[in-house]
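A short write-up of the structure that comes next.
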Protein chains: 2
Amino acid sequence: MKNERTPTVNAGALASVGRSRPRQRTSDRVYEELASAIRNVRLPPGASLSETDLAEQLHVSRTPLREAIARLVETGLVSVVPQVGTRVELIRLHDVEQARFVRENLESAAFATACEKPERDISGLRAILAEQRRYVEVHDLDAFFAADEALHARIFNISGYPGAWQIMQPMKMHLDRLRRLSLPDPDTVLGLIEEHTAIVDALEAGDVLGGRAHIRRHARRALDNGPALQAQYPGYFTE
Amino acid sequence: MKNERTPTVNAGALASVGRSRPRQRTSDRVYEELASAIRNVRLPPGASLSETDLAEQLHVSRTPLREAIARLVETGLVSVVPQVGTRVELIRLHDVEQARFVRENLESAAFATACEKPERDISGLRAILAEQRRYVEVHDLDAFFAADEALHARIFNISGYPGAWQIMQPMKMHLDRLRRLSLPDPDTVLGLIEEHTAIVDALEAGDVLGGRAHIRRHARRALDNGPALQAQYPGYFTE
DNA sequence: GCTGGTCGACTTGTATGCAAGGATTCCGAA
DNA sequence: TTCGGAATCCTTGCATACAAGTCGACCAGC
């Protein structure tokens, strides 16, 4: 492998903008690539990752690849056993339930805080809702998923605790894989939009209790599909 | 630097048990060492870390050190600017406030859940409380700090959501540095014990509202000292 | 004295080579 | 046929060499 600092042919379009200042490191690019692949279940749970093979596929050496893997281990997305192998972590419903607890309570608290803000601006949320409906019509699940994230992030922004959303990101990856698996079901998608609408309505009305109930239902939806998905993809789960 | 796979002289006793199976990797050891040093403010905020120097001090090569640093970057404890340098992140009170929000709400929710458990066992908590009082008498702040962690972890255990505590760990590091700085103040320590006692009492009595109030006060205590600590250690803070 | 430019010492980023250990496979013997 | 053992392949872990960039100091010219 010759030195290819800026390969003209770069496998995989890079959606992320990248920090402007330091030209994005190879390590970072690899990390984004792998994390995205794992979240979208393009790299399915249980898939084994060979460092040498991956390095060759991504046209990088093992060093930056290993640093990316170290970060993925830190977030619990992959596990590496020293002289045995590296694999994408299986989905543990128990862990997902823990993540659900965290998300439900934080989002509930953020919602309550947001309701107290007299200057809260709902228009952005409405726009995202409309956007989501469009994505459903054209069956663009990935865009729908991204908009879903944006909507919840916005609620945290309004609450004044955007950091809480950021903090949840690594943990949420586990939840996201399950949600991504359950997305092909049309009923699920419609239900999600309905709940989103209800949440935004409650926020506009300042209805704390009602909104919390919707958030609670929203957060538990993914987990409800858990057993069915486990039956459908038995190899993706453990315990 | 000769190959020293298992150095006989290992700087710094390692409290963590370590996964039994794979003999702890050098990278892991380095990570624990650095993370602990940063949390205890032995490596103060703003300290610059030279990879070559650090590697020499720790008797390892740059490779495992860099992997440890990559993980520390992932948790936001250090920042590295490509051709400039690596430094321990300064304390941002804004970030600490975000962490406070997360901790207060999660702990509050866990407490409420724990109160519902009829079989909740308080004896362990009482034991930790007694332990903490002993540590105060002998002025062992680090042990006091560790016991503090153990107590809160136990509450999450009782609630049935130990994972929520685990999930908070990386974020809590930021909060911990502030708490560690405010620990030398005797009033602070006594206040902490008092609040702990009140929380445990409330848990025993099943007093959800009372307990939540104490937890709220407890979580905000560290932040209250923020401005004073910022005045005392101006170089440790930013923004 | 001040300013501009160049050189050098330092930083991190990447590639590669080798070492150590586990797992599988294949062959031989019972 | 079955069981045992050894060798080989494949895995990750670590160390080192080199590349690229940034910052600062020093010196020359104005």
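Protein chains get the first letters and strands the later ones, always in sequence-line order, with residue 1 at the start of each.
In this structure, A:Arg66 reaches the D:dG13 phosphate: one of its side-chain N or O atoms is under 4.0 Å from OP1 or OP2. Note on A:Thr86: every side-chain N or O is 4.0 Å or more away from OP1 and OP2 of D:dT11. The side chain of A:Ser61 contributes no N or O atom lying less than 4.0 Å from OP1 or OP2 of C:dT14.
Between B:Glu149 and B:Lys172 there is a salt bridge, since at least one side-chain N of the basic residue sits less than 4.0 Å from a carboxylate O of the acidic one. With respect to A:Arg154 and A:Asp121, no salt bridge is recorded, no charged nitrogen being found less than 4.0 Å from a carboxylate O. B:Arg134 has no carboxylate O lying under 4.0 Å from a charged side-chain N of B:Asp140, or vice versa, which leaves the two without a salt bridge.
In this structure, A:Arg29 places its CZ atom 12 Å from C1' of C:dT14, rounding to the nearest Å. Between the P atom of C:dG13 and the CZ atom of A:Arg62 lies a distance of 19 Å, rounded to the nearest Å. Between the C1' atom of C:dG13 and the CD1 atom of B:Ile69 lies a distance of 12 Å, rounded to the nearest Å. Rounded to whole angstrom, the span from the CG atom of A:Leu58 across to the P atom of C:dT14 amounts to 13 Å. In this structure, NE2 of B:His59 is placed 23 Å from P of D:dG13, rounded to the nearest angstrom. Between B:Asp53 atom CG and C:dA9 atom P the separation is 16 Å, expressed in whole Å. To the nearest angstrom, P of C:dA15 lies 14 Å from CD of A:Glu51. Rounded to whole Å, atom C1' of C:dT12 lies 13 Å from atom CG of B:Leu54.
Considering only the side chain of B:Pro82, C:dG13 comes nearest among D:dG13, D:dT11, C:dG13. Minimum atom distance to the side chain of A:Arg25 is reached by C:dG13, of the listed D:dA15, C:dG13, D:dC23. For B:Thr26, the side-chain atoms get nearest to D:dC14 when compared with the rest of D:dC14, D:dT11, C:dT12.
For B:Thr63 against D:dT16, a side-chain N or O and a base N or O form a donor-acceptor pair under 3.5 Å. Between the side chain of A:Gln83 and the base of D:dT12, a donor-acceptor pair under 3.5 Å is found.
Heavy-atom nearest nucleotides on DNA chain C were determined for A:Val84 and for A:Glu67, and the one closer to the 5' end corresponds to A:Glu67.
B:Tyr31 and B:Arg25 share no side-chain donor-acceptor pair at under 3.5 Å.
Note on A:Leu49: only backbone sugar-phosphate atoms sit closer than 4.0 angstrom, heavy atoms only; bases stay farther off. Note on A:Leu65: nothing from the nucleic acid sits closer than 4.0 angstrom, heavy atoms only.
Using cut-offs of 30° and 60° for the angle between ring planes, the B:His152 and B:His196 rings count as perpendicular.
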